[in-house]
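Working notes for the structure below.
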Amino acid sequence: MNQTELFEIRMSDVSETSLLTLYCHALESQSSDPIISDPKAVEIMRAMNQELSKSKKRLHRKMVKGKIDKRMVVHIAIRAKRYDEYVTEFLKSSPEGVVVNIGCGLDSRFSRIDNGRVRFYDLDLPDVIGIKRRFLEETDRYHLIPSSVLDYDWMEPLLRRCGGPFLFVAEGVFMYLHREDVKSLVLELQSRFPGSELVCEVVNDLWLKGALKGIVNFKMRKELHLGKDATFHFGIKGSREMEKWNPGITFLDDWSYFDSKEEKLGWLRLMGRVGLFRKTQWTVHYRLNQP
Ligand SMILES: C[S@@+](CC[C@H](N)C(=O)[O-])C[C@H]1O[C@@H](n2cnc3c(N)ncnc32)[C@H](O)[C@@H]1O
């Protein structure tokens with residue numbers, strides 16, 4: 001197996017996607033007029049550069065040289081900023097609310113949104129959390145959960161410790177899971193955390209079949225140089241699709257990169273006017289009420 005080892009931790013192909021988003025946050029932070037400011041990402045990137053400079057992988061060599069497609073850097077930064085806003089909006093009405101960042105990667109959202117009262121949980125696979133622990137310390141309000149989101153044992157301690165209200169965010173995660181797993185996770189969240197909110201990124205299921213799937217895989221392998229297990233499995237047709245999974249799941253709003261007014265998006269902002277493009281990869285916000 002051609003797996004990456006970082007800080008003596010072996011990473012899976014899917015976990016490795018967290019490196020790309022980290023580099024996007026850090027590179028954008030260092031650019032002029034940055035979309036997000038994330039000194040922690042810059043610090044982690046610098047330490048990571050030393051580790052990755054030993055690697056022969058193309059992806060790693062490109063990252064160390066800061067050679068990541070500028071459009072991707074802008075997209076990922078716009079997404080991070082929008083997810084920060086979702087959290088900040090939630091905290092306006094629930095300042096002591098509980099935020100669970102599902103598939104958090106090496107992102108440092110807590111430091112970007114901390115209002116001094118939020119209780120924040122970063123959840124990711126044990127390899128990613130193992131690396132994250134080197135850079136971020138747990139406190140009474142900031143916690144790391146080394147677990148697959150699909151191993152529901154992580155839910156019980158959270159319920160014991162916190163009364164809510166709960167916001168779950170899954171930025172760039174659900175597409176890597178299988179449909180039946182995403183569905184059963186959402187139903188589990190609904191049943192154990194009734195009244196909670198879920199903000200999750202989704203892809204259009206058109207991209208999971210035939211020639212379009214070929215394009216996605218080409219991009220993942222040949223342009224991003226990610227391993228073969230980093231591939232999309234889950235998609236939906238429209239924002240209201242999850243409402244059909246169970247009564248009580250309520251669509252609140254959705255958001256696409258192309259809705260952004262960021263100057264750096266350039267002419268791509270025009271894509272927001274074309275429904276098909278707007279709904280290629282986008283974000284949906286639900287409330288998970290009791291059925
Ligand atoms: C593209 S990265 C996104 C990271 C972060 N949300 C961000 O936007 O910077 C996808 C993340 O999902 C995590 N992931 C994939 N499957 C997972 C699972 N079953 N449980 C928890 N995390 C998972 C990966 O380890 C990786 O960190």
Side-chain angles (χ1 to χ4, degrees), residues 3-4 6 9-29 35-36 38 40-42 44-45 48 59 63 68 72-87 99-113 120-133 135-136 144-155 167-186 188-189 198-203 216 219-220 224-227 229-234 257 281-283:
Q3 270 183 323
T4 298
L6 283 175
I9 295 175
R10 193 170 267 205
M11 296 192 86
S12 70
D13 290 348
V14 177
S15 305
E16 237 189 316
T17 60
S18 64
L19 297 180
L20 264 177
T21 47
L22 166 78
Y23 272 71
C24 290
H25 295 175
L27 293 174
E28 180 57 28
S29 287
I35 295 164
I36 53 162
D38 194 338
K40 196 76 200 174
V42 175
I44 303 177
M45 177 180 76
M48 204 60 90
L59 168 66
M63 286 199 297
I68 299 183
M72 179 168 170
V73 172
V74 166
H75 274 201
I76 297 295
I78 288 175
R79 183 178 81 181
K81 182 175 174 180
R82 181 66 187 106
Y83 276 65
D84 287 355
E85 286 165 5
Y86 272 118
V87 174
V99 179
V100 184
N101 196 10
I102 295 173
C104 58
L106 298 167
D107 169 72
S108 37
R109 168 149 303 118
F110 175 68
S111 62
R112 299 198 301 269
I113 59 80
F120 199 97
Y121 289 80
D122 261 344
L123 181 152
D124 207 303
L125 298 168
D127 51 357
V128 176
I129 295 297
I131 292 177
K132 208 161 186 176
R133 275 194 202 289
F135 301 100
L136 290 157
L144 296 166
I145 308 180
S147 167
S148 166
V149 69
L150 303 176
D151 172 0
Y152 301 154
D153 285 351
W154 62 268
M155 295 180 182
L167 168 67
F168 299 96
V169 295
E171 178 187 4
V173 185
F174 280 1
M175 53 286 272
Y176 295 105
L177 307 178
H178 289 272
R179 186 178 181 82
E180 58 279 14
D181 290 334
V182 176
K183 184 171 178 183
S184 78
L185 170 66
V186 172
E188 193 73 21
L189 292 176
L198 169 67
V199 173
C200 55
E201 196 180 19
V202 289
V203 298
V216 173
K219 204 173 162 54
M220 303 283 249
L224 301 180
H225 310 292
L226 288 164
D229 292 337
T231 190
F232 290 176
H233 299 290
F234 168 70
Y257 301 94
Q281 186 164 333
W282 77 105
T283 289

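Atoms within a ligand are numbered from 1 in the order they appear, just like the ligands themselves.
Residue Ile76 holds its CD1 atom at 5.0 Å from OH of Tyr257, rounded to the nearest 0.5 Å. Taking CZ from Phe232 and CE from Met220, the interatomic distance works out to 4.0 Å, rounded to the nearest 0.5 Å.
Listed by chain and residue number, Ser108, Arg112 satisfy the side-chain hydrogen bond (donor to acceptor under 3.5 Å, both in side chains) test with Asp38 (two or more places apart in sequence, or in another chain). With sequence neighbours excluded, no residue satisfies side-chain hydrogen bond (donor to acceptor under 3.5 Å, both in side chains) with His233.
Under 4.0 Å from ligand 1, the heavy atoms of Val128 that appear belong solely to its side chain. Counting heavy atoms closer than 4.0 Å to ligand 1, residue Ser12 contributes nothing at all. Under 4.0 angstrom from ligand 1, there are no non-hydrogen atoms of Leu22. The proximity of Thr21 to ligand 1, defined as any non-hydrogen pair under 4.0 Å, is limited to the side chain.
Within ligand 1, the atoms closer than 4.0 Å to a non-hydrogen atom of Gly105 are 4 (C), 27 (O), numbered from 1 in the order shown.
Taking any N or O of Asp107, backbone or side chain, none lies under 3.5 Å from an N or O belonging to ligand 1. Considering backbone and side-chain atoms together, Val149 places an N or O closer than 3.5 Å to an N or O of ligand 1. The shortest N/O to N/O separation between Arg79 and ligand 1 falls below 3.5 Å. Checking only distances, Thr17 never comes within under 3.5 Å of ligand 1, N or O to N or O. For ligand 1, one of its N or O atoms has an N or O atom of Gly103 under 3.5 Å away.
Among all non-hydrogen protein atoms, the one lying nearest atom 16 (N) of ligand 1 is Leu177 CD2, 3.7 Å. Nearest to atom 25 (O) of ligand 1 among the protein's heavy atoms is Asp124 OD1, 2.7 Å. Ranking protein heavy atoms by distance to atom 3 (C) of ligand 1, first place goes to Glu171 O, 3.6 Å. Residue, atom and distance of the protein heavy atom nearest to atom 15 (C) of ligand 1 are Val14 CG1, 3.4 Å.
Screening Val186, Leu185, Val169 for a side chain to side chain contact (heavy atoms under 4.5 Å, CB included) involving Leu198 leaves a single residue, Val186.
Of the listed options Cys104, Gly172, Ala41, Cys104 places a heavy atom closest to atom 5 (C) of ligand 1. When Ile129, Leu125, Leu185 are checked for heavy-atom proximity to atom 18 (C) of ligand 1, Leu125 turns out nearest. Of the candidates Ala170, Ser148, Ala230, the one placing a heavy atom closest to atom 19 (N) of ligand 1 is Ser148.
Under a 4.0 Å N-O distance rule, the pair Arg109/Asp84 qualifies as a salt bridge.
A donor-acceptor distance shorter than 3.5 angstrom exists from the side chain of Asp124 to the backbone of Gly105, with no hydrogens or angles considered.
Among all heavy-atom pairs drawn from Cys104 and Asp122, the shortest one is CB-OD1, 3.2 Å.
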task = Given side-chain contact (heavy atoms from CB on, under 4.5 Å), test Thr283 with Tyr83 step by step and report yes or no.
result = CA-CA 9 Å; Thr283 289; Tyr83 276 65; 2.7 Å; yes
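Side-chain contact between Leu106 and Leu19 is present, with heavy atoms from C-beta onward closer than 4.5 Å.
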